[in-house]
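Computed from a predicted model, the values in this text were never measured in an experiment. Only heavy atoms go into these numbers, but all of them, side chains included; no hydrogens, no water, no symmetry mates.
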Amino acid sequence: MRELLNNGMTRRSFLGLAGGAAAVAGLGLAGCGGGGDTSTPAGSGDGSTTSGGGTISAGSAYAPSDYSPLSTSSAFCIGANWHVLEGLYGIDYHDYSAFPELATGDPEQVDDTTFTITIREGAAFSNGDPVTTEDIAQAFQRVRDDASGTYAPFLVPIESVEATDDTTVTVKTTVPNFSLLKERLAVVRVFPSSLTDDDLKNTPVGSGPWMYDSITDNAVDLVPNPNYNGDHPAKDAQLHYDILVDATARMTAQQQGTTLVMESVTADAIDQLEGDGCQVDKVQGFATRFILFNTRKAPWDNVAARQAVMYAIDTEKMVSNIFNGLAAPASCYLPVDFPNYQEAATVYTYDTAEAEAKLAEAGVTPGAIKIRCTDNTQASAMATQVQQDLAALGFEATIEENTSASTYAAIDGGSDDFDILIAPGDPSCWGGDPDLLLNWWYGDGVWQNTRTGWGESAEFAQIRELMSTALEQSGDEQAATWKQVFDLIAENCVLYPLIHVQTATASWADAAASPAGTAIEGFEGIGTTGMSFIDCATVSA
C-alpha cells in the first residue's frame with residue numbers, strides 16, 4: 001500500500017507556477033464516435049466502402065519535443081499521448097467531459113474526502129506488463145515529485161492516492177465532496193513504474209489503444225496496442241503524423257490528400273479547402289490573447305485607469321483584422337459556449353467616451369508607457385493596435401517584443417519597468433474545469449505575486465476565498481460562486497482576456513471527394529491544440 005501526494009503543498013499554492021507557467025504560457029487541446037471492430041466492411045457491391053484497416057494521416061502544426069507524461073508542455077506530444085497513455089479518467093476535448101479510461105466507472109465515495117476506484121480487469125501496457133494499482137500510485141507520485149513542477153500543482157486538491165489492493169485505488173482529497181475529482185485525476189497518465197525519466201521523455205509506454213512505433217523530428221508513427229482491452233480500440237493499422245510546422249506545407253499536403261487531417265488551418269485557407277471538398281471545423285476554445293497590467297506602477301494600481309484602457313481597445317477590430325473572424329472578444333473569463341460560461345457583469349466594448357471618463361475618474365494625464373509583447377504573431381499585431389488605440393487617448397506607447405522566455409525572465413527579474421503585457425496562453429490542454437483555468441492566472445503564485453504585483457490586494461484575497469468556496473460546492477451553487485469570481489476578475493481587469501481564439505481543423509470526411517480516395521469518419525476538430533483520433537477510422541471507397 002502506497003500513499004502519495006502528501007508533501008506539504010497548500011491549497012493556496014495550487015497552480016502557483018513559476019518556471020512551469022512560463023514554459024507553457026504560449027500553448028495553445030476525446031472521443032470522436034462509438035466503438036467497433038478494428039476493420040469492418042461497411043458494404044459490398046457497387047458503391048461499397050470499407051472502414052478501418054488503413055492509415056490515419058495527419059499534418060501537425062507543432063513539432064515534438066519532450067513526450068514525458070510527467071511534465072511535457074509540447075502541444076504535439078500532449079495530443080499524441082492521449083492515444084498512447086491512459087489515466088484513471090480521460091478528457092473528451094470536444095466538450096471537456098471526463099470519461100473512464102483505466103477506471104471502470106465513477107469514484108465510489110466512502111466519506112467526505114475518501115473515494116475508491118476500481119481498475120479495469122486485464123488492462124495491460126503495450127510492452128505486455130499488466131497495469132497494476134501500484135503503477136497508478138507511482139505515476140501520481142512521480143508527477144508530484146517531478147522537478148519541473150508543471151503538473152504537480154494541478155493535484156493540490158488531491159491529498160493522496162493509494163494502491164489498496166490488486167484492483168482498487170483509494171483517493172483522499174483536501175476538499176470535502178470534491179466535485180471535480182474525475183477531471184483532476186485525468187491530468188495524470190499511467191505508465192509502467194519501471195520506466196526511467198529518459199524512457200518517458202523519448203518513448204513513453206502506455207495502456208491506451210495506440211503505441212509509439214517510430215519517432216523522428218519529421219514524422220511520428222503509432223500502431224495499435226495489441227494488449228489494449230478497453231472500450232476504444234484502434235480501428236486502423238497505423239496513425240501517422242507528418243510534422244508540418246509551415247502552414248503552406250500543411251495546406252499542400254491536405255489538398256493533395258497526403259494527409260486526411262490538417263491541424264491549425266489559417267483563416268485565408270478555409271474557403272479554398274472547403275471548395276476542394278474538405279470539412280473544416282471551426283471551434284471556439286479557451287485560448288486567449290490577454291492583457292496584463294503592472295499594478296506596482298502608477299496609474300495601473302488604480303482600477304479606473306485599467307478600465308480606461310480596456311474601453312479604449314477595439315477588440316472587434318482585432319477579431320476582424322488580425323484573426324480574420326476566427327476569434328471572439330471576451331465577455332467573461334471563459335469564452336461563450338464554453339462549459340460554465342456566464343457573462344460577466346462588466347463587459348468591455350470599444351467606447352472612447354467611457355475610456356476618457358475613466359481616465360478622468362482616475363485623475364490620469366496620459367503620457368509615455370511601455371507595452372511588452374511576446375513574439376507570437378497575433379500578440380505582436382495586437383500590441384501595435386493597442387499602441388494606436390491608446391494614442392487616441394494621448395498615451396505615447398513604445399513596444400518591446402521578445403520571446404516568451406525572455407519576456408517573462410525580464411518581468412520576473414523585477415527590474416523591468418513595463419506598463420502593459422500582451423501575450424497568448426491556454427491551459428485548457430489539460431482540461432476545462434473553471435477551477436483549473438482560473439488558477440492558471442489567478443492562483444496564489446507567480447502571475448499575481450510577481451508579474452502583476454496584485455497578489456497582496458484585498459480584491460485578490462476575495463477572489464481566492466471565493467475560488468476555495470467553489471471547490472467545496474457543486475451544481476447551481478458552485479456556478480453562482482464562479483459567477484462572483486468572473487465578475488470580480490472582469491471588474492478589476494488586472495489580467496484579462498482580450499480575445500478568445502477559434503481553432504480551425506480540416507479533414508477529408510468524404511472519400512469520394514478526397515484525392516486519395518480515402519477519408520476519415522468520426523473525426524471532429526477541437527478548440528485547443530492537438531487532434532483526437534479516438535474511435536475514428538479511415539474509410540475507403
Taking all atoms of both residues into account, what is the closest heavy-atom pair of [X] and [Y], and its distance?
| X | Y | result |
| --- | --- | --- |
| L495 | I489 | O-CG2, 4.2 Å |
| P427 | L436 | O-CD2, 3.9 Å |
| G277 | W508 | C-CZ3, 3.6 Å |
| V364 | A305 | CG2-CB, 4.1 Å |
| E263 | T529 | OE2-C, 3.9 Å |
| L85 | P69 | CD2-CG, 3.9 Å |

How many angstroms lie between atom [atom1] of [X] and atom [atom2] of [Y], to the nearest 0.5 angstrom?
| X | Y | atom1 | atom2 | value |
| --- | --- | --- | --- | --- |
| M310 | T346 | CE | OG1 | 10.0 Å |
| N340 | D433 | CG | CG | 8.5 Å |
| C493 | Y311 | SG | OH | 9.0 Å |
| Q284 | T503 | CD | OG1 | 8.5 Å |
| L260 | Q254 | CG | CD | 7.5 Å |
| N81 | T72 | CG | OG1 | 7.0 Å |

Between E159 and R144, does any side-chain N to carboxylate O distance fall below 4.0 Å? no

Are D242 and R250 ion-paired here, with the side-chain N under 4.0 Å from a carboxylate O? no

Would [X] and [Y] count as a close aromatic pair, with their ring centres under 6.0 Å?
| X | Y | result |
| --- | --- | --- |
| Y408 | W447 | yes |
| F178 | F115 | no |
| F290 | W441 | yes |
| W82 | F533 | no |
| W454 | F293 | no |

Using modelled atom types only, decide if a donor and an acceptor are shared between the side chain of [X] and the backbone of [Y] within a distance under 3.5 Å.
| X | Y | answer |
| --- | --- | --- |
| D95 | S97 | yes |
| Q279 | A509 | no |
| Q478 | E472 | no |
| T174 | P157 | yes |
| Q307 | E491 | yes |
| W430 | Y151 | no |
| D281 | I526 | no |
| S74 | P64 | no |
| S406 | N402 | no |
| Q502 | G527 | no |

Quick one: does [X]'s side chain get under 4.5 Å of [Y]'s, heavy atoms only?
| X | Y | result |
| --- | --- | --- |
| M251 | L273 | yes |
| V84 | R189 | no |
| L88 | E101 | no |
| F76 | V220 | yes |
| W482 | L466 | no |
| Q473 | S179 | no |
| I422 | I399 | no |
| L393 | E356 | yes |

Applying the side-chain contact (heavy atoms from CB on, under 4.5 Å) criterion to T452, which one of I411, L292, V446 satisfies it? L292

Is the [X] ring parallel, tilted or perpendicular to the [Y] ring (thresholds 30°, 60°)?
| X | Y | value |
| --- | --- | --- |
| W300 | F395 | tilted |
| Y93 | Y96 | perpendicular |
| F99 | H232 | perpendicular |

Looking just at side-chain N and O atoms, do T349 and D351 make a donor-acceptor pair shorter than 3.5 Å? no

Please determine, by modelled atom types, if N294 and R372 share a side-chain donor-acceptor pair under 3.5 angstrom. no

D419 and its salt bridge (charged side-chain N to carboxylate O under 4.0 Å, His left out) partner, picked from R306, K297, K370, R296: K297

Those residues at least two apart in sequence (or on a different chain) that pass side-chain contact (heavy atoms from CB on, under 4.5 Å) with E401 are C373, D375, S380

Using the side chain to side chain donor-acceptor pair (under 3.5 Å) rule, take Q448 and D444 through it: C-alpha gap first, then chi angles, then the decisive distance, then the call. CA-CA 7 Å; Q448 298 303 328; D444 188 18; over 6 Å; no

Give the intermediate values and the outcome of side chain to side chain contact (heavy atoms under 4.5 Å, CB included) for residues M262 and L244. CA-CA 9 Å; M262 173 187 173; L244 302 171; over 6 Å; no

If you apply the rule side chain to side chain donor-acceptor pair (under 3.5 Å), what do you find for D66 with S68, and how did you get there? CA-CA 6 Å; D66 174 3; S68 175; 4.5 Å; no

Between V187 and I91, is a side chain to side chain contact (heavy atoms under 4.5 Å, CB included) present by the stated rule, with each step listed? CA-CA 9 Å; V187 170; I91 298 294; over 6 Å; no

Show, in sequence, the C-alpha distance, side-chain angles and deciding distance for L185 and I158, and conclude whether the side chain to side chain contact (heavy atoms under 4.5 Å, CB included) test is met. CA-CA 8 Å; L185 291 173; I158 300 172; 3.5 Å; yes

What pairs of donor and acceptor atoms, side-chain ones from residues 315-337 against any protein atom, are under 3.5 angstrom apart with sequence neighbours left out?
| residue | atom | partner | partner atom | Å |
| --- | --- | --- | --- | --- |
| S331 | OG | Y341 | OH | 2.7 |
| Y333 | OH | L437 | O | 2.6 |

For H500 and F338, what are the C-alpha separation, side-chain angles and deciding distance, and is it a side chain to side chain contact (heavy atoms under 4.5 Å, CB included)? CA-CA 11 Å; H500 289 111; F338 208 74; over 6 Å; no

